[in-house]
Asker: 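Here it is: the structure, laid out below.
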4 protein chains.
Amino acid sequence: MGEGVQKAGRRPRADSLRNREKLLLAARDVFSAGGPEASLEAVARRAGVGIGTLYRHFPTREALFQAVYLRDVDQLVALAQQAADGRDPVEALRQWLHACVGMVATKKGMLTALAPSVQGSDPLFADTSRRLRAAVGSLMERAVAAGRIRSDLTPEDLMRAMIGMCYTREQPGWQTTVVLLLDVFVDGLRLPPDPAA
Amino acid sequence: MGEGVQKAGRRPRADSLRNREKLLLAARDVFSAGGPEASLEAVARRAGVGIGTLYRHFPTREALFQAVYLRDVDQLVALAQQAADGRDPVEALRQWLHACVGMVATKKGMLTALAPSVQGSDPLFADTSRRLRAAVGSLMERAVAAGRIRSDLTPEDLMRAMIGMCYTREQPGWQTTVVLLLDVFVDGLRLPPDPAA
Amino acid sequence: MGEGVQKAGRRPRADSLRNREKLLLAARDVFSAGGPEASLEAVARRAGVGIGTLYRHFPTREALFQAVYLRDVDQLVALAQQAADGRDPVEALRQWLHACVGMVATKKGMLTALAPSVQGSDPLFADTSRRLRAAVGSLMERAVAAGRIRSDLTPEDLMRAMIGMCYTREQPGWQTTVVLLLDVFVDGLRLPPDPAA
Amino acid sequence: MGEGVQKAGRRPRADSLRNREKLLLAARDVFSAGGPEASLEAVARRAGVGIGTLYRHFPTREALFQAVYLRDVDQLVALAQQAADGRDPVEALRQWLHACVGMVATKKGMLTALAPSVQGSDPLFADTSRRLRAAVGSLMERAVAAGRIRSDLTPEDLMRAMIGMCYTREQPGWQTTVVLLLDVFVDGLRLPPDPAA
DNA sequence: GATGAATGAGTCTTCATTCAT
DNA sequence: AATGAATGAAGACTCATTCAT
């Protein structure tokens, strides 16, 4: 989906697959360094393939984008699923948010990927978006069910807060700041313990 | 400051002033729509003046930028000063943040202006930045002094949280969401009332 | 001639004369530094007058050019006339050529002025050209009359050789080289002493 | 070398070669007419190709320049080598200088190529420069060894004299003049026959 | 399928030149 | 007369995109 390659029912050529992989790696690097406006030629050059090859695999900039960051989002989802096990549910939420900051720090393109997944309506991101929402949702659900946090925020809301805070990333040491801000935010989500209990 | 025009002591030509104004309006529109990378030619075109005129008035992209958003930031500062009067200090903080959201909603370019004022180190924004920080700082100071909010956040931190949340703006109705998120954040800032009192 | 100012029979305003002078000085500096392609706005800026004023005084680039270098050429002419007195005529020729090199070294624009005066057919330079030719001609004449140099070169030829050698000017120490080359050239002009005498 | 094209081991596309050739021809014409500052767009236009194509083949103005004039300089070198055979060594020198004038006359851009090769320090011209110097040097060497000319001039000096004289080229019939001037110069180089011999 | 050449539209930027004040 | 604002025509350069090989 999104790639221009692969007529149904035909086994992909080995070099084709290899090129696709090289392109994805190159694109991640280039987009990380130069932002999402970076030149496609730079991507092809770094991948060591012709620009035509890039276009064959990813007919639009968006298609490339999507493919590049799909796996990153998958990691976030996995992380949310792990965090949902055991532990205090509010703490799990906080830990997961911290982990998100860590990933944004490592993979500079991550934010670029998250924003459309959370906010956009582009059908290309629909699936990614749905999976992410589900994972975050179940994380929140536990805390809500335990009466520990307010129940009027959606998973998107939480994601947006997290993403927004991360836009701060530039100064050295930004991670510390963002973690602090997120902690404040999580504190704001808490409900007082039920005095009846 | 920043404009290449106006040797001291000479009355500006009428059309010059008119053009400057047209350029500022056009620039606000264009930057709002296309982001800060938007083409300067597009600005000139929309202003209905020659590209040379744009360059005469604003020799660099940054100079134009700065001029466009200076007044907007001034309004935020004024708003903060007003909010500092009377009322409950935490409430004042919350109200000011709400007002910020309102301004971001009205002037789509506002965010573009705030980000460099808060994060950047460009000397052009140094003054703007300082004024903003002072205004927000005194707003927070009152709440801290009253023992109502935590004292370990800087004015920049608060601004960053606000700005970050606003990056969310795209979907219809985003303002409601952002206001909600900011309220959560302010709740997170609160300290429990001093039991000794 | 060449200037657009001065309707006949009207005394020039004092500031007009002052501006003209400032422009000439500025033009010399700017053309020296930036070559003959230098921007007229730079000239006006350095002169501290408006670009419009420059145009009023010198309606074309060439007119400015001509005015700037007129006096320089005059100096060369004067030099040639002095050199024609006394001394050995071949030596006088050589000395004058050396002096030319010195002037080219001092006034970087000099070459730019000489070339059109010697080669061009622009009527603006006709007079300059004539005066120069006359001066150099009489210098050569003496040596020819004394049977000391060949008689088949014109004053233009000599000037061209000198100018050509000077085009070399770039490297540090070029003057030494050019003087050497001119000495060789003068040696080539010599006739053997008349054995009959 | 200097071109941005041709990864090793791939046969160049036919139209690519054709375009390269068209560009070289166009560039020679345009630089001849308009000097080395001439517009690259004019070159592309005259070659009948897009400006992008020009940039692909020659990523910098200098690269184009170099490519255009490389072959011309090669011819001069070959000529010098031929002239070094047989004949009277002073006469060989003179003949070669005459040939240079002829080439300058034919290929108006030649001077533009020679100047940086002789005077410049641009690494692009280093090789060209070296080859030319060697060729001229061995031509002079023979005459010096035979005690026929002064030994205190470098090959560069000779080249500069030749180039300088040619800057004269404008008027009709300039070749005759330049040949005359060069003959005078060569005469100036001569030493008197050794009376001891 | 892969390659990279060709193309031209679009940007930025500088200036000569004209004209309103 | 002087000024400098306005204008737009170049020119350099970059890239997205298409296509010949």
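Each chain gets a letter, A, B and so on, in the order the sequences are listed, and its residues count up from 1.
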Asker: For Pro36(A) versus Arg61(A), what's the shortest heavy-atom pair and its separation?
Answerer: O-NH1, 2.8 Å

Asker: Starting at atom CZ of Arg56(C), determine the distance to atom C1' of dT3(F), rounded to an integer number of angstrom.
Answerer: 11 Å

Asker: For Gly50(A) and for Gly48(D), find the nucleotide of DNA chain E with the closest heavy atom, then tell me which residue's nucleotide is more 5'.
Answerer: Gly50(A)

Asker: Calculate, to the nearest 0.5 Å, the distance between atoms CZ and OG1 belonging to Arg20(A) and Thr53(A) respectively.
Answerer: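 Rounded to the nearest 0.5 Å, the CZ-OG1 separation comes out at 13.5 Å.
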
Asker: Using 0.5 Å steps for rounding, measure from the CG atom of Leu54(A) to the CZ atom of Arg45(A).
Answerer: 11.5 Å

Asker: Rounded to whole angstrom units, what separation is found between the CG atom of Leu17(A) and the C1' atom of dG1(E)?
Answerer: 12 Å

Asker: If a pair means Watson-Crick or G-U wobble with both distances below 3.5 Å, what does DNA chain F look like in dot-bracket form, with | marking bases paired to a different strand?
Answerer: .||||||||||||||||||||

Asker: For Leu23(C) versus Ala44(C), what's the shortest heavy-atom pair and its separation?
Answerer: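 Smallest heavy-atom distance, with atoms named: CD2-CA, 4.4 Å.
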
Asker: Does Thr53(D) make a side-chain N or O approach to OP1 or OP2 of dT7(E) shorter than 4.0 Å?
Answerer: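 Looking at the OP1 and OP2 atoms of dT7(E), one of them is under 4.0 Å from a side-chain N or O of Thr53(D).
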
Asker: Can you tell me how far CZ of Phe58(A) sits from CG of Leu40(A), rounded to the nearest 0.5 angstrom?
Answerer: 11.0 Å

Asker: Can you tell me the distance, in whole Å, between the NZ atom of Lys22(C) and the C1' atom of dA2(F)?
Answerer: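 It is 11 Å, rounded to the nearest whole Å.
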
Asker: Walk along nucleotides 13-19 of chain F from 5' to 3' and tag each nucleotide B, S or - by protein heavy-atom contact under 4.0 Å, base first, then sugar-phosphate.
Answerer: BBSBBB-

Asker: Taking salt bridge (charged side-chain N to carboxylate O under 4.0 Å, His left out) as the test, write out the residues that go with Glu41(D), two or more places apart.
Answerer: none

Asker: Which donor-acceptor pairs under 3.5 Å do the side chains of residues 25-32 of chain A make with protein atoms, sequence neighbours left out?
Answerer:
from	atom 1	to	atom 2	distance (Å)
Arg28(A)	NH2	Asp72(A)	OD1	2.8
Arg28(A)	NH2	Asp72(A)	OD2	3.3
Asp29(A)	OD2	Arg46(A)	NH1	2.5
Ser32(A)	OG	Arg28(A)	O	2.8

Asker: Are any of His57(A)'s side-chain N or O atoms less than 4.0 Å away from OP1 or OP2 of dA2(E)?
Answerer: yes

Asker: Counting only non-hydrogen atoms, which of residues 25-32 of chain C are less than 4.0 Å from DNA chain F?
Answerer: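 Those residues whose heavy atoms fall under 4.0 Å from DNA chain F, taken from residues 25-32 of chain C, amount to none.
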
Asker: Rounding to an integer number of Å, can you tell me how far Arg20(D) CZ sits from dG4(E) C1'?
Answerer: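 So the two atoms are 16 Å apart, to the nearest Å.
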
Asker: For DNA chain F, whose closest nucleotide is more 5', that of Asp15(D) or that of Asp15(C)?
Answerer: Asp15(C)

Asker: OP1 or OP2 of dA6(F) less than 4.0 angstrom from a side-chain nitrogen or oxygen of Asn19(B), does that happen here?
Answerer: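 For dA6(F), OP1/OP2 do have a side-chain N/O of Asn19(B) under 4.0 Å.
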
Asker: Round to the nearest Å and state the distance from Phe58(A) atom CZ to dA2(E) atom C1'.
Answerer: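 Whole-Å distance recorded here is 15 Å.
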
Asker: How close or far is atom P of dG8(F) from atom CG of Leu54(B), stated in whole angstroms?
Answerer: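 It is 13 Å, rounded to the nearest whole Å.
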
Asker: With Arg71(C), which residues qualify under salt bridge (charged side-chain N to carboxylate O under 4.0 Å, His left out), at least two apart?
Answerer: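 With neighbours one apart ignored, the set is Glu21(C).
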
Asker: If you compare all heavy atoms of Pro59(B) against all heavy atoms of Ala63(B), which two are closest, and at what distance to 0.1 Å?
Answerer: CD-CB, 4.3 Å

Asker: Check the distance between dT11(E)'s P and Arg46(B)'s CZ and give it to me in whole angstrom.
Answerer: 15 Å

Asker: State, yes or no, whether a side-chain contact exists between His57(B) and Ser16(B) at a heavy-atom distance under 4.5 Å.
Answerer: yes

Asker: Atom OG1 in Thr128(B), atom CD in Gln66(B): separation rounded to 0.5 Å?
Answerer: 4.5 Å

Asker: Report the distance from atom CG of Leu23(C) to atom P of dA1(F), rounded to the nearest whole Å.
Answerer: 15 Å

